[in-house]
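These notes are about the structure you will find just below.
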Amino acid sequence: MRRLRDPERRLQDGGLCPVALAQSGQARRRARPRRPGDPGERADPRADGRVEAQPDRPRFPAALCPVGRHPVVPGRGRDAGGRGGQARPSARGGRARVDHADACRIQAAPGAAGCEDHPPRLWPRSSLSDRQRLRRPHMSVVVRFAPSPTGRMHVGNARVALVNWLFARRNSGSFILRVDDTDTERSRQEYTEAIREDLTWLGLLWDRTESQSARMDRYAAAADRLRQAGRLYPCYETPEELERKRKRQLARGQPPLYDRAALKLTDEEKHKLEAEGRKPHWRFLIERTEIVWNDVVHGEWRFDGAKLNDPVLVRGDGQPLFPLSSAVDDIEMGITHVIRGEDHVSTTAAQTQIAPALGAEAPTFAHLPLMSDAGGQGLSKRLGSLSLGEMRADGIEAMAVNSYLARLGSPDPIVPAIRLDELSEGFEVSRLGRAGPKFDLGELRILNAKVLALLPYEAVSVRLAALGMAQADERFWLAVRGNLEKLADARQWHDVCHGEVRPVIDDPAFTAAAAKLLPEEPWDERTWSGWTGAVKAATGKSGKGLFMPVRLALTGADHGPEVKNLLPLIGRPRALARLGGKTA
RNA sequence: GACCCUAUCGUCUAGCCCGGUCUAGGACGUCACCCUUUCAAGGUGAAGACACGGGUUCGAAUCCCGUUGGGGUCACCA
């Protein structure tokens, strides 16, 4: 399966952003998206449209501002005023995205606090958060995650789904799960199920689900409209012929663009070809002008329409293709923000023309940079351990994945969260960087342990029981959760408390002495200090010399949860036996 | 091959637009020390980066030129 592309593999977020301009070659020049206010933006009508302002603070535009570097105010700033910014191109990395401004540095840099220090620099900052910008009266946010059921989800897809979900949640919008199953040859029901299962596991529940295979008539109708508008033309080349043309172009060092030979066909020629049994496939006539849109994560993105291939929208067998179905659905489902992977930019370029050709405005786009694995390899090339299914089987908590993915690539620190709302709370698509981050499983595992340490008993009781830990009650969980890498690791401690353990004893005389001093039950957390205090007085041992032998005898291990908490769970009979060297 | 995107500590990044306040800041991880009657947690501290080469400049992470690395796209896939 190839990557699942999420449907679009990446998402976009919405931001409202503005249109930007493009950058050209070097990235550096790219300005980040500017926010709407920038003069430049206006270039794209689309953008303006979307952004609406609120009554009081009308223009986003102004608001958007660029961000600059300015220290931010302590909190995030949203100051109100926006200032109109000018577009400020950012520099190389372009980091200047607008948004940023707002949030700017949460992790405030030390000095930063200082805004005060630098009073003079009032850099314009954008004052509105993504969400605030979105608060337009008539447009509520609608996003979608559109995977094609041709494989299992991996972390790259999960990131796109999560970003869309968080964006919707943060803006009180809705999140649609749209199964991109127009490719009947590769789509499989089992993958649709697997995707639902993975999303459910992550907790990314959808407000609505749609299936493209059920909307074929809509795509056919849209194709008719495009034909009538003269934007969709029939082509009769066979795949082999096209392949030959491409090879020839490549050999000459030319870009492999379709030559539009079909446009020159006369009606007779077409009839003749059809008489031979050829079925035409249909291409969208791209207008060869400059295409510009303001990408929420990227800033202005420019694309030379002359370098865009006329995309095939309908196959010879009548099946609609992704660029069409996706554009139609985004329009008809009222998608306001398309948040997808950067591997979709060329599709976006085409869609910015398809939507208008269909009489609609294109949504706001946000293209997330593609993640790579720890070695820097593209994720699409090797799933394996980075598939959600495997992670789950490996004991990774869904919230560990969410916590990691929600902050990766942003300047905000990655901290363990046990609820999705903790993540949506300050989430801004525009804070995501434009460079592709590496997904490090090692970091995930560390986060996983931290998430486990925060989970309340209710969150794991059923799973503990399913794992065979019948006597794992709340007291047990609270005692051990801080010492687990994976939930299943609790089993070792469950055995210590309720099962059998082979004690490790180096100094029988010492443990025997300690056993004699073991108090009568009932026991609680205080039992430990009272008992060890007595042992210390009687044997003269203290510190590690006192503690470690007892721990080894009682648990059979030299590390683990505090014995203070384990002791009451172990109980006197077992403790006595183990101190005496007996497996119990 | 063409085109596009991207490039700061091991990792995620701040800074870059408006050159000096950067002996480059934070977080995670790592190491050390402290604390704790173990481990962990916590506290303190340390090590750790401007991809490379030119240029401009009194001064460049920041500007210019070039190179290199990584990723992506060039399907009757999505």
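As the structure is a computational prediction, the values presented were derived from the model and not from experiment. Here is how names work: the chains are called A, B, and so on, in the same order as the sequence lines, proteins then strands, and each is numbered from 1. Values reported hereafter were calculated over all heavy atoms of this structure, with side chains retained and with hydrogens, waters and symmetry mates removed.
Using N1 to N3 plus N6-O4 or O6-N4 for Watson-Crick, or N1-O2 and O6-N3 for G-U wobble, each under 3.5 Å, B/U73 pairs with B/A2. B/A14: no Watson-Crick or G-U partner with both key distances under 3.5 Å is found in any strand. With both pairing distances under 3.5 Å, B/A41 is matched to nothing as a Watson-Crick or G-U wobble pair. When both pairing distances are held under 3.5 Å, B/U30 makes a Watson-Crick or G-U pair with B/A46. Both distances falling under 3.5 Å, in either a Watson-Crick or a G-U wobble arrangement, place B/A51 opposite B/U67.
Contact annotation: A/R186 side-chain N/O to B/C77 OP1/OP2 distance is not under 4.0 Å. Note on A/K438: a side-chain N or O is less than 4.0 Å away from OP1 or OP2 of B/U11. In this structure, A/R407 does not reach the B/U13 phosphate: none of its side-chain N or O atoms is under 4.0 Å from OP1 or OP2. Remark: A/T238 is not in phosphate contact with B/C76, judged by side-chain N or O atoms under 4.0 Å from OP1 or OP2. Proximity of A/Q377 to the phosphate of B/G71: a side-chain N or O atom is located under 4.0 Å from OP1 or OP2. Residue A/R252 has no polar side-chain atom (N or O) positioned under 4.0 Å from OP1 or OP2 of B/G1. Proximity of A/K450 to the phosphate of B/G29: a side-chain N or O atom is located under 4.0 Å from OP1 or OP2.
Per the geometry, CD belonging to A/E237 stands 13 Å off P belonging to B/A75, to the nearest Å. Rounded to whole Å, the distance from CG on A/L447 to P on B/G29 is 9 Å. Atom pair A/D310:CG and B/A75:P shows a separation of 12 Å (rounding to whole Å applied). Atom pair A/D295:CG and B/C4:C1' shows a separation of 13 Å (rounding to whole Å applied).
Counting only N and O atoms by type, the side chains of A/Y404 and A/D440 include no donor and acceptor under 3.5 Å apart. No hydrogens or angles considered: nothing links the side chains of A/Q319 and A/T182 as a donor-acceptor pair under 3.5 Å.
Between the base of B/U38 and the side chain of A/R551 there is a donor-acceptor pair shorter than 3.5 Å. In the interface, the side chain of A/H559 is not paired with the base of B/C39 through any donor and acceptor atom under 3.5 Å apart.
Just one of A/K245, A/R283, A/E237 meets the side-chain hydrogen bond (donor to acceptor under 3.5 Å, both in side chains) condition when paired with A/Y258; it is A/E237.
Residues A/K307 and A/S372 each lie close to RNA chain B; by heavy-atom proximity, the contact nearer the 5' end of the strand is made by A/K307. Mapping A/I446 and A/L546 onto RNA chain B by nearest heavy atom places A/I446 at the nucleotide closer to the 5' end.
Within the 6.0 Å centre-distance limit, the rings of A/W293 and A/H367 are counted as a close aromatic pair. A centroid separation of less than 6.0 Å is found between the aromatic rings of A/H344 and A/F322.
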